[in-house]
2 protein chains.
Amino acid sequence: MAKTIAERADVVPLLAEVLREYGFEGASLAVIGERTGLGKGSLYHFFPGGKEEMAAAVLQEIDRWFEAEVYRPLREATDPRAAIDGMIGAVDDYFRSGRRICLVGAFALDNVRDRFATAVKGYFAEWRSALASALKRAGCAPDQAHSLAEETIIAIQGALVLSRALDDPTVFSRALETTQARLAKAMA
Amino acid sequence: MAKTIAERADVVPLLAEVLREYGFEGASLAVIGERTGLGKGSLYHFFPGGKEEMAAAVLQEIDRWFEAEVYRPLREATDPRAAIDGMIGAVDDYFRSGRRICLVGAFALDNVRDRFATAVKGYFAEWRSALASALKRAGCAPDQAHSLAEETIIAIQGALVLSRALDDPTVFSRALETTQARLAKAMA
DNA sequence: TAAAGTATGTAACGATCGGTACAGTTAGAA
DNA sequence: TTCTAACTGTACCGATCGTTACATACTTTA
């Protein structure tokens, strides 16, 4: 009465998209099942901890992706300016030019924040410190690098909020351009 | 079996705080009843439309407050620079220096956005245009005024996200200072 | 081919959800 | 005091929530 196809790793991206669309509370198991094509049996087979484990797996996958595609390049690239430009491009792709929200940011504003506080805090703390590191190596003074990194992350998160609120992706694109210009100027 | 005390207007601020803490889906009628001190009977007496009407009333009250305390001063003040400084102060107070989130921003990232799209969109659109108006009267070029207004709102919303994510109100305070400096510089 | 382990659909669980119905209590007008 | 309208607590509704249990089917190994 069942076919054996799914892999846990294949399900996580689908879960991520469902959580982005419905939020943690709004993403009922009925919706999750519908969108992933998996029944409750399979879902609880892969994630014995239920919804909480599903969300944790998604957050871990997000962290893994940003670590590989954003944080590590920022920390280790020999050309920090190229790494920063690469970050802008990666962010633009990842958030689909403002059409996709940041799940971690949404969790931060949600009442589930406490439940995933460590993951949420780690995501932003690592991003900020990695970007500050790249800015320092690109010639910024340490304190300017730190505040500029913070400003940049704020701009990205705020742009996602406003883009979505106004239902206008160009808000995000403009903000990303402005941010990139500010970063470039600081490294001049 | 009941005492007649409550006024609808007194309940709305309590509702606002509950929605901020729990989100729309997370704020169950049980929680709402507990926090407002009203039973379901009273709640449905004041808000026959249920949770949806409660949230709508909260959004309307927020809009009313911002219109009176922020938007109108920005649009009509004879001294636009003072109005902009006043906005910064009002925002700092309203969001309790980063310890309180923006309900409208949280709604924008939530799946309830569609249900309250008009209110959410109006809140930010009015803010942006009122601030741009003040900047223009303070001497900014029209297109610069518009982009600077957008940038400012983005910074405020992003700072609320990051502040809450890192559980660090100083992030919000720093962002507000940086924003104020940028606005002052553009009006110089 | 047979056994073992993995994956899956289904049915049911208690709890809680938003919402309704209504009787009872209160306050103010007449 | 009596009447009326506003207000409130309680019980209950069907629906849905996350979760569990379990029989069945598939895949893999031997």
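Sequence lines set the chain letters: A, B, ... in the order given, protein chains first and strands last, and positions in each chain run from 1.
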Choose from dG19(C), dT8(C), dT8(D) the nucleotide whose nearest atom is closest to any side-chain atom of H45(B). dT8(D)
For the pair made of CD in E7(B) and C1' in dA27(C), what is the distance, rounded to whole Å? 13 Å
In Å, rounded to the nearest 0.5 Å, how long is the span from CH2 of W65(A) to OH of Y71(A)? 9.5 Å
Between C1' of dG9(C) and OH of Y44(A), the distance in whole Å: 15 Å
Between C1' of dT10(D) and CG of L38(B), the distance in whole Å: 15 Å
State whether the side chain of R81(B) and the backbone N or O of M187(B) hold a donor-acceptor pair below 3.5 Å, judged by distance alone. yes
Expressed as a whole number of angstroms, how long is the span from L43(A):CG to dT6(C):C1'? 15 Å
Is it the case that more than 12 heavy atoms not belonging to E76(B) sit under 6.0 Å from its CD atom? yes
What about K40(A): does its side chain form a donor-acceptor pair under 3.5 Å with the base of dT20(D)? no
If only side-chain N and O atoms of S28(B) are considered, is one of them under 4.0 Å from the OP1 or OP2 phosphate oxygen of dC17(C)? yes
For residues 129-145 of chain A, run the donor-acceptor check on the side chains, cut-off 3.5 Å, and write out each pair with its distance to 0.1 Å, sequence neighbours left out.
{"unit_1": "R137(A)", "atom_1": "NH1", "unit_2": "A77(A)", "atom_2": "O", "d": "2.7"}
{"unit_1": "R137(A)", "atom_1": "NH2", "unit_2": "L74(A)", "atom_2": "O", "d": "2.1"}
{"unit_1": "R137(A)", "atom_1": "NH2", "unit_2": "R75(A)", "atom_2": "O", "d": "3.0"}

Spacing between E34(B) atom CD and dC17(C) atom P, to the nearest angstrom: 11 Å
Provide, to the nearest angstrom, the distance between the CG atom belonging to L29(B) and the P atom belonging to dA21(C). 16 Å
Can you tell me the distance, in whole Å, between the CD atom of E25(A) and the C1' atom of dC17(D)? 11 Å
With sequence neighbours excluded, residues passing side chain to side chain contact (heavy atoms under 4.5 Å, CB included) with S163(B): V171(B), F172(B)
Would you mind reading off the distance between M54(A) atom CE and dT19(D) atom C1', rounded to a whole angstrom? 10 Å
Among dG18(D), dC7(D), dT8(C), which nucleotide has an atom closest to any side-chain atom of F46(B)? dC7(D)
Checking dC17(D), dA11(D), dT8(D) against the side chain of S42(B) (C-beta onward), the nearest is dT8(D)
5' priority, DNA chain D, between V31(A) and P48(A) [closest heavy atom]: V31(A)
